[in-house]
Protein chains: 2
Amino acid sequence: MKRTPPAKTSKAPPPTDRRRAHGASTRREILDAARRIAAADGLEALSIGRLATEVGMSKAGLFAHFGSKESLQIATIDSAWDVYRSEVLEPTTASPPGAPQLRAYMEHYFEYVQRHAMDGGCFFTAASSEFDDRTGPVRDRVFKSTAERSAFLDNVLHDAVAAGHLPKNTDVAQMSFEIMALVTGTNLLFQLYKDPQIFQRARRTLRAMPPPKRSSKGAAD
Amino acid sequence: MKRTPPAKTSKAPPPTDRRRAHGASTRREILDAARRIAAADGLEALSIGRLATEVGMSKAGLFAHFGSKESLQIATIDSAWDVYRSEVLEPTTASPPGAPQLRAYMEHYFEYVQRHAMDGGCFFTAASSEFDDRTGPVRDRVFKSTAERSAFLDNVLHDAVAAGHLPKNTDVAQMSFEIMALVTGTNLLFQLYKDPQIFQRARRTLRAMPPPKRSSKGAAD
DNA sequence: CCTACCGATCGGTAGG
DNA sequence: CCTACCGATCGGTAGG
């Protein structure tokens with residue numbers, strides 16, 4: 001199965017002059033701080049004043065980079081997606097397709113969660129929980145990121161079936177749900193308990209997970 | 001908690017018990033609104049002014065009931081726990097111990113999530129996600145509620161082993177983790193997609209879940 | 001990218 | 001339980 005690499009979302013204009021280059025690096029510095037604040041305290045707690053203080057510039061100066069709080073929130077999600085792609089998705093696709101990629105996906109995700117443990121763990125789990133009952137562009141951007149995470153996992157599982165690592169009649173959608181629920185629950189429980197044994201438990205769950213079958217009784221239940 | 005007596009009015013004061021009964025019903029009304037706000041938008045978005053407007057009283061009047069925002073947040077969690085206990089835990093214990101209680105637990109939890117779907121779903125998942133990186137009494141209260149939820153599930157599983165519904169060498173702690181992760185992930189995915197099929201998938205996962213064994217290779221991995 | 005400012009809202013207090 | 005108020009902070013704007 002063909003997998004298109006996820007598109008880049010953060011804008012990186014070619015530095016045509018020194019001022020543009022400086023603007024881009026300032027923007028990067030702002031978004032690095034924005035990700036930490038948003039992941040730790042939420043996208044709504046990401047205030048322009050607090051962010052300006054943290055990067056050492058004026059509120060109005062920072063505001064000019066984004067034009068609205070909503071745009072800042074969306075730019076922050078885009079930036080978090082770049083991090084997720086480079087720390088989880090790209091390392092996973094470096095493994096052989098099939099079962100190795102499935103195991104790699106989980107390992108890279110857990111490393112990502114631990115690496116950012118002090119900043120709220122998985123950015124997208126936190127953002128989903130915060131915005132799941134709202135409407136608007138920020139919620140839509142959060143939703144899209146979860147949909148893309150699911151689609152990536154679907155592809156990994158399809159490849160595992162194609163490679164003969166999972167039975168031909170594996171219910172990929174069901175198994176994808178089970179793994180998404182497992183890693184999401186693992187992230188939340190780790191954030192609360194901060195006990196790495198939780199990752200060991202999750203690995204064990206994946207290893208013992210029976211591949212769900214298509215057109216089984218369960219589907220008609 | 002110390003409560004300052006309200007000032008006398010010009011008319012004859014009502015009997016003490018009636019006044020206290022009124023205070024208690026006002027408090028209930030406040031906490032009903034507080035739960036909805038906190039579950040939908042977060043415990044931090046639960047502002048005293050907004051809550052006062054919603055229940056139709058002054059900020060200062062409402063504030064007097066709690067003394068601080070932190071106390072209001074904790075009272076709101078306590079109130080949410082009462083709801084969880086009466087809607088999930090108590091109905092579960094009405095089923096026969098063992099496997100029936102395990103299935104009942106999941107069903108009552110999913111009904112609880114659906115009943116409160118417009119208010120953020122599971123109060124405790126949302127609160128955990130919001131407060132997992134903080135310190136202080138509110139975080140501690142949230143942590144306690146998750147610990148109590150886990151302990152309840154542990155007990156249900158122990159009973160299932162004792163009743164012979166699960167093998168004697170079942171690793172209860174592992175299985176408890178797997179079910180907590182499953183229901184937590186289910187809640188989060190349902191909040192995002194609002195698709196009840198997700199509950200069907202979770203039921204199927206529980207039915208097919210192999211009971212993890214104690215002192216298996218996984219534990220030493 | 002800055003200073004200076006706007007109206008709204010925050011948690012909380014004084015005083016009754 | 002109220003009115004009236006406090007300093008701080010919010011998102012955002014004017015004008016340079």
Side-chain angles (χ1 to χ4, degrees), chain A residues 13 15 17-31 33-34 37-38 41-76 130-131 134 136-138, chain B residues 1-31 33-34 37-38 41-76 130-131 134 136-138:
Chain A
D17 62 38
R18 218 173 284 125
R19 199 165 57 192
R20 284 270 280 278
H22 178 67
S25 82
T26 300
R27 192 186 158 94
R28 239 189 321 272
E29 192 193 345
I30 293 170
L31 288 175
I37 293 174
D41 293 340
L43 275 162
E44 216 53 65
L46 176 65
S47 78
I48 293 164
R50 180 177 168 191
L51 185 53
T53 302
E54 204 134 326
V55 301
M57 60 191 283
S58 70
K59 262 178 60 177
L62 189 144
F63 187 86
H65 278 270
F66 301 97
S68 71
K69 178 172 181 177
E70 195 171 272
S71 296
L72 168 63
Q73 288 173 319
I74 289 177
T76 303
E130 188 178 2
F131 276 86
R134 309 194 191 181
V138 180
Chain B
M1 182 171 293
K2 189 133 119 214
R3 187 155 34 236
T4 315
K8 274 189 169 185
T9 60
S10 49
K11 283 199 99 184
T16 305
D17 55 343
R18 191 186 301 165
R19 197 167 54 192
R20 193 173 301 158
H22 177 68
S25 83
T26 300
R27 193 187 158 94
R28 238 188 323 270
E29 193 192 342
I30 293 170
L31 289 174
I37 293 174
D41 294 339
L43 276 162
E44 216 53 64
L46 175 65
S47 77
I48 293 163
R50 180 178 167 189
L51 185 54
T53 301
E54 203 135 326
V55 301
M57 59 191 286
S58 69
K59 263 179 58 175
L62 190 144
F63 187 85
H65 278 270
F66 301 97
S68 72
K69 179 172 180 177
E70 194 171 272
S71 296
L72 168 63
Q73 289 174 318
I74 290 177
T76 303
E130 188 178 1
F131 277 86
R134 309 193 190 181
V138 180

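Just so we're clear, the structure is a prediction, and the values are computed from it rather than from any experiment. Letters A, B, ... are given to chains in the order of the sequence lines, protein chains preceding strands, and every chain is numbered from 1.
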Only counting residues at least two apart or in another chain, list the ones meeting side chain to side chain donor-acceptor pair (under 3.5 Å) with [X].
X     : answer
B:T53 : none
A:E29 : none
B:S58 : none

Taking atom [atom2] of [N] as reference, at what distance in whole Å does atom [atom1] of [X] sit?
X     : N      : atom1 : atom2 : value
A:K69 : C:dT9  : NZ    : P     : 15 Å
A:F63 : D:dG12 : CZ    : P     : 5 Å
A:L51 : D:dG12 : CG    : P     : 13 Å
B:R27 : D:dC1  : CZ    : C1'   : 16 Å
B:D41 : C:dT9  : CG    : C1'   : 15 Å
B:L46 : C:dT9  : CG    : P     : 16 Å
B:R50 : D:dC10 : CZ    : P     : 18 Å
B:E29 : D:dC1  : CD    : C1'   : 14 Å

Heavy-atom side-chain proximity of [X] to [Y] below 4.5 angstrom:
X     : Y      : value
B:Q73 : B:F66  : no
B:I30 : B:M57  : yes
B:R50 : B:K59  : no
A:L72 : A:L46  : yes
B:E44 : B:E130 : yes

Identified stems (criterion: three or more consecutive Watson-Crick or G-U pairs, under 3.5 Å), DNA chain D
C:1-16 with D:1-16
Determine: side-chain N/O of A:S68 to OP1/OP2 of D:dG11, distance under 4.0 Å, yes or no.
no
Could you tell me which residues satisfy side-chain contact (heavy atoms from CB on, under 4.5 Å) with B:F63, sequence neighbours excluded, listed by chain and number?
B:I48
Among C:dC10, D:dG12, C:dG11, which nucleotide sits nearest the side chain of A:I48?
D:dG12
How does each nucleotide of nucleotides 2-7 of chain C score, in 5' to 3' order, for protein heavy atoms under 4.0 Å: base (B), sugar-phosphate only (S), or none (-)?
BB----
